[in-house]
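Single-structure report; data block below.
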Amino acid sequence: MEIDLIRILCAFFCGFGLTLSGSLCQLTTNNSLASPSTLGMDGIGVGCLILAQTFITSFGFSWGIELTSLGLFFFLFTIMAFFLLKMRSKRLWQFLNLKQIILLGLAFNLMMGAIFSVLQFMFMALNYDFPTSLWFGHFKHAGSTGLIVLGLSFSFIWIYCFRHSEKFNFINLGVHMAQGMGVNVERFQKINLLLALFITGAIISFFGVFSFLGLVLPHILRSFGIFKINMRNEILWGPWIGGAVIAVVDLGCYNFIFYGAELPVGMISSVIGALSLILLSFKMNIVRG
Amino acid sequence: MANGAQLIVNLHMEISLSISEFLPGWSFEGDIKIDAGNAILIHGPNGVGKSSLLQYFKLNHKSLFTHRVLRFVDQPRLNPLNDISLNDVISQLSSRRDPTQKLFQEFYPIVEDYASKPLKDLSGGQNQMCKILIGIFLGGDIYFFDEPSQSLDDTNIKNFSCCLEGLKGANKACVIIEHQSGLIKSLCQKSYGMQREGSIIKIKESHGD
């Protein structure tokens, strides 16, 4: 069995980040169907990839698609963060309580997917390069740049979560209970969502789309003892397990070639994640019924 | 105020509020007197802003209630993402427990039957009792209850009334928004009515209510 250490570490950090971002999305919205995939965060990352390729093709940027996409995403992220953190309207913020935001997020992702397909067709017809392979995330081109960016940024995010870990248990009981405990709920929710968005955008810039991993992994974690009743544990230690899972899955993809082709991890996650979303929706309807 | 002079901590607060924008398009005027060992009732028509008043207290408690610990029992049910139960919550919050608060042990038997069940699987009334017990566990100087009798059956309304008497006996102040239960209303020493006059929401002490 061959082992590429940088690739394994990149896969680990992707799993780590997506698990954490999924838990942050679900906790913040108090909705177990929330994830970067269902809230439209994947779409934003893909949009930056598309823009990056357009810039490279049109203006001859020499940074490479990863760094160009990351730069564009960071610019967009900064604007969104500034707007969101300064936004004061309580009515506008109540969108967090609406279930429709998940439908909107999915619709936005579908729209970005359609745009991706159209541009892919046009670019290839005109014999230009297009990052087709990034539609399903993979680690074939994992390098030290991605490892350093993800490793450093996710470490800082984890440290933030560690410092505020008690608040996650309070938020889990409800926003009103958390407010009563002295948590600035609105600001905490906004920061959590921005962190989830940052994680998603950074991963997509380097490695592509891993649909529904952020949805499925937190649910899997919550079926185990120490994560079942303690949201703090899920936020702090769950990502380490999520990272290990994805590293192992990618190790399998790397070493077991299917008729000469390597199966991307993102393709596996899309199939399993979409099925899981259907089963979860079904289960929630049964519980409510 | 019978207990006031005998207490180690004598809480007597008069809160005078005149908020230029309380809710969008509405301002608020009023005075509320809160005394330790007493319960006050806040009543008014639906949509007048009673819960919003509590929300205002919650968000501005540092300026309004200096050096007082406030405890809120709100309307929304506890609906955690995971399978946490009341016992798990108590365990996680143990570092925040009020060590002087003995009421929790006294009233825990009320919820003992379902204290190990996931909160999200409890009925509305059971969930409500868990919220009340969590508030008692954490302790505080002033308790705010927003429609505590919602979803409660007659037995649990009596249980809550006993909790209320226990809190008053422990020199806590209680502020209660209540529509339904005559029993809970009868335990309040003062009553304040909220009503809209034009674009102003006013709160005034009412008598004989």
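Naming: A, B, ... by sequence-line order, numbering from 1 per chain.
Contact check for Met231(A) versus Pro80(B): no side-chain heavy atoms found under the 4.5 Å cut-off. The closest side-chain heavy-atom distance from Ile84(B) to Asn230(A) is not below 4.5 Å.
Contacts of Ser91(B) with chain A are absent, with no heavy-atom separation under 4.5 Å from either backbone or side chain. Of the two parts of Glu234(A), neither the backbone nor the side chain holds a non-hydrogen atom closer than 4.5 Å to a non-hydrogen atom of chain B. Heavy atoms of Gln55(B) lying under 4.5 Å from chain A belong exclusively to its side chain. Heavy atoms of Phe170(A) lying under 4.5 Å from chain B belong exclusively to its side chain. At a 4.5 Å heavy-atom cutoff, Asn184(A) makes no contact with chain B through either its backbone or its side chain. For Val73(B), no part sits under 4.5 Å from any heavy atom of chain A, backbone or side chain. Residue contact with chain A, scored on non-hydrogen atoms closer than 4.5 Å, involves the backbone and the side chain of Asp83(B) alike.
Distance alone, capped at 3.5 Å, is enough to place a donor-acceptor pair between the Lys58(B) side chain and the His176(A) backbone. A distance-only check finds no donor-acceptor pair linking the side chain of Asn79(B) to the backbone of Gly174(A) [under 3.5 Å].
Summarising the local packing, CZ of Phe162(A) is surrounded by 12 or fewer heavy atoms from other residues, nucleotides or ligands at distances under 6.0 Å. Within 6.0 Å of the CH2 atom in Trp240(A), the count of heavy atoms belonging to other residues, nucleotides or ligands does not exceed 12.
Counting heavy-atom pairs closer than 4.5 Å to chain A, the top-ranked of the candidates Gln92(B), Lys62(B), Lys120(B) is Gln92(B). The residue among Val69(B), Leu138(B), Leu93(B) with the most heavy atom pairs within less than 4.5 Å of chain A is Leu93(B). When each of Ile134(B), Leu81(B), Asp74(B) is scored by its heavy-atom pairs under 4.5 Å with chain A, the top score falls to Leu81(B).
Note that CG of Asn82(B) is 8.0 Å distant from CG of Asn169(A), once rounded to the nearest 0.5 Å.
With respect to Ile229(A), the side chain to side chain contact (heavy atoms under 4.5 Å, CB included) criterion is satisfied by exactly one of Asn87(B), Asp88(B), Val89(B): Asp88(B).
Between Arg71(B) and Gly180(A) the shortest heavy-atom distance is NH1-O, 3.9 Å.
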